[in-house]
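Not measured: the values here are computed from a predicted model.
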Amino acid sequence: MAKQTWKPGNMLYPVPAVMVSCKRPGEKANIITIAWAGTVCSDPPMVSISVRHERHSYNIIKETGEFVVNLVTKDLVRSADYCGVRSGRDVDKFRECHLTALPSKEVAAPGIAESPVNIECRVTEVKPLGSHDLVLAKVVSVTVDDRYLDEKGKFDLNRAGLVAYSHGEYFELGRKKGSFGFSVRKKKGSR
């Protein structure tokens, strides 16, 4: 097997593509698309996002100390891309993308109604790292779309057509290959 060694770089793919909404008091809400987002703790529930300093949303998030992470589906991928390449300094992204601002329960920033999951967050720490700052935040509320609840109230997020970002391209998540613990689970009828 032949392999090449490259200079150090970020090649950890795929990653979630999320739209992060934020809002200063008295101003229009903004959306930034972020591919560097993730879960950092389950108790208390916390997430992280990495944001470049020059992005319009950076100062909004830093000043207000809150934001909403909105998951991206195949139906939202065009809006997600638009919100990642246009600046909120110049355009109203909610209006341009025909998105609906969803009032949040615990933060002033709205969620995106068309997203299946809206994760309301309060910033706990901003850690300068270089080209990006790592923003750590506590999850203070989660809103989910009723369309993905089954008759027993179980949330089936995988029916939403979630999107991942990999090396400059967006992909809809595909076929299930297993579930947590499947590699060690006993098969029916075996001892």
Going by an N to O cut-off under 4.0 Å, is there a salt bridge joining D145 and R147? yes
Once you round to the nearest 0.5 Å, how far does CZ of R89 lie from CD of E54? 8.5 Å
CG on L136 to NZ on K127, rounded to 0.5 Å: 9.0 Å
Distance check, rounded to the nearest 0.5 Å: K23 atom NZ versus N30 atom CG? 11.0 Å
Side chains of V69 and F67 in contact at under 4.5 Å (non-hydrogen atoms): yes
Within-4.5 Å side-chain heavy-atom neighbours: E106 and E66: no
Is the CZ atom of R78 crowded by more than 12 outside heavy atoms at less than 6.0 Å? no
Spell out, as yes or no, whether a donor-acceptor pair under 3.5 Å connects the side chain of K93 to the backbone of C83. yes
L157 and L71: CA distance, side-chain angles, deciding distance, side chain to side chain contact (heavy atoms under 4.5 Å, CB included) verdict: CA-CA 10 Å; L157 180 59; L71 298 190; 3.8 Å; yes
Exam field: side chain T64 to backbone R24, donor-acceptor pair closer than 3.5 Å: no
For a 4.5 angstrom cut-off between non-hydrogen side-chain atoms, does M46 reach T124? yes
Note, Y170 side chain near V72 side chain (heavy atom, < 4.5 Å): no
Report the distance from atom CG of N158 to atom CZ of R175, rounding to the nearest 0.5 Å. 14.5 Å
Of the non-hydrogen atoms in S48 and L134, which two are nearest, and what is the gap between them? CB-CD1, 3.7 Å
Joint cluster assignment, V47 & V142, ILVMFWY side-chain distance < 4.5 Å: yes
Given 3.5 Å as the limit, does a donor-acceptor pair link the side chain of N70 with the main chain of M19, or not? yes
State whether the side chain of R185 and the backbone N or O of F180 hold a donor-acceptor pair below 3.5 Å, judged by distance alone. yes
Separation of R52 CZ from H132 NE2 (nearest 0.5 Å): 4.5 Å
Do side-chain atoms of S21 reach the backbone of P110 as a donor and acceptor pair under 3.5 angstrom? yes
Do side-chain atoms of S115 reach the backbone of V117 as a donor and acceptor pair under 3.5 angstrom? yes
Minimal heavy-atom distance between I49 and A37, with the atoms involved, is CG2-CB, 4.0 Å
A side-chain contact here means heavy atoms from C-beta on lying under 4.5 Å apart; do Y58 and V135 qualify? no
Side chain to side chain contact (heavy atoms under 4.5 Å, CB included) partners for R95, two or more places apart: D92
Are any side-chain N or O atoms of E114 and backbone N or O atoms of T100, one a donor and one an acceptor, separated by less than 3.5 Å? yes
Is there a donor-acceptor contact under 3.5 Å from the side chain of T33 to the main chain of D81? no
How close do D133 and P128 get, heavy atom to heavy atom, and via which atoms? OD1-CA, 3.1 Å
Mind checking whether L76 and Y148 sit in one hydrophobic cluster, side chains of I, L, V, M, F, W, Y counted as touching below 4.5 Å? no
I'd like to know if the side chain of N118 and the backbone of I112 have a donor-acceptor N/O pair within less than 3.5 Å. yes
Over all heavy atoms of both residues, which pair between F182 and K177 is shortest? Give the atoms and the distance, please. CZ-O, 3.9 Å
I'd like to know if the side chain of T73 and the backbone of G161 have a donor-acceptor N/O pair within less than 3.5 Å. no
Nearest heavy atoms of F155 and P116, plus distance in Å: CZ-O, 4.1 Å
Verdict with reasoning, R122 to V107, per side chain to side chain contact (heavy atoms under 4.5 Å, CB included): CA-CA 8 Å; R122 283 210 180 93; V107 300; 4.2 Å; yes
Give a yes or no on whether L12 atom CG has more than 12 heavy-atom contacts from other residues, nucleotides or ligands under 6.0 Å away. no
Quick one: pull up CD in E172 and CG in D75 and give me the separation to the nearest 0.5 Å. 8.5 Å
Exercise: identify the closest heavy-atom pair between Y82 and C97: CD2-SG, 3.4 Å
Check the pair I61 / V123 against side chain to side chain contact (heavy atoms under 4.5 Å, CB included), numbers first and verdict last. CA-CA 8 Å; I61 292 168; V123 175; 4.0 Å; yes
Side chains of V68 and S104: closer than 4.5 Å at any heavy-atom pair? yes
Decide side chain to side chain contact (heavy atoms under 4.5 Å, CB included) for F94 and I31; before the verdict, give the C-alpha distance in whole Å, the side-chain angles of both, and the deciding distance to 0.1 Å. CA-CA 7 Å; F94 273 94; I31 304 167; 3.6 Å; yes
Just wondering, are more than 12 heavy atoms of other shown residues or ligands nearer than 6.0 Å to NZ in K28? yes
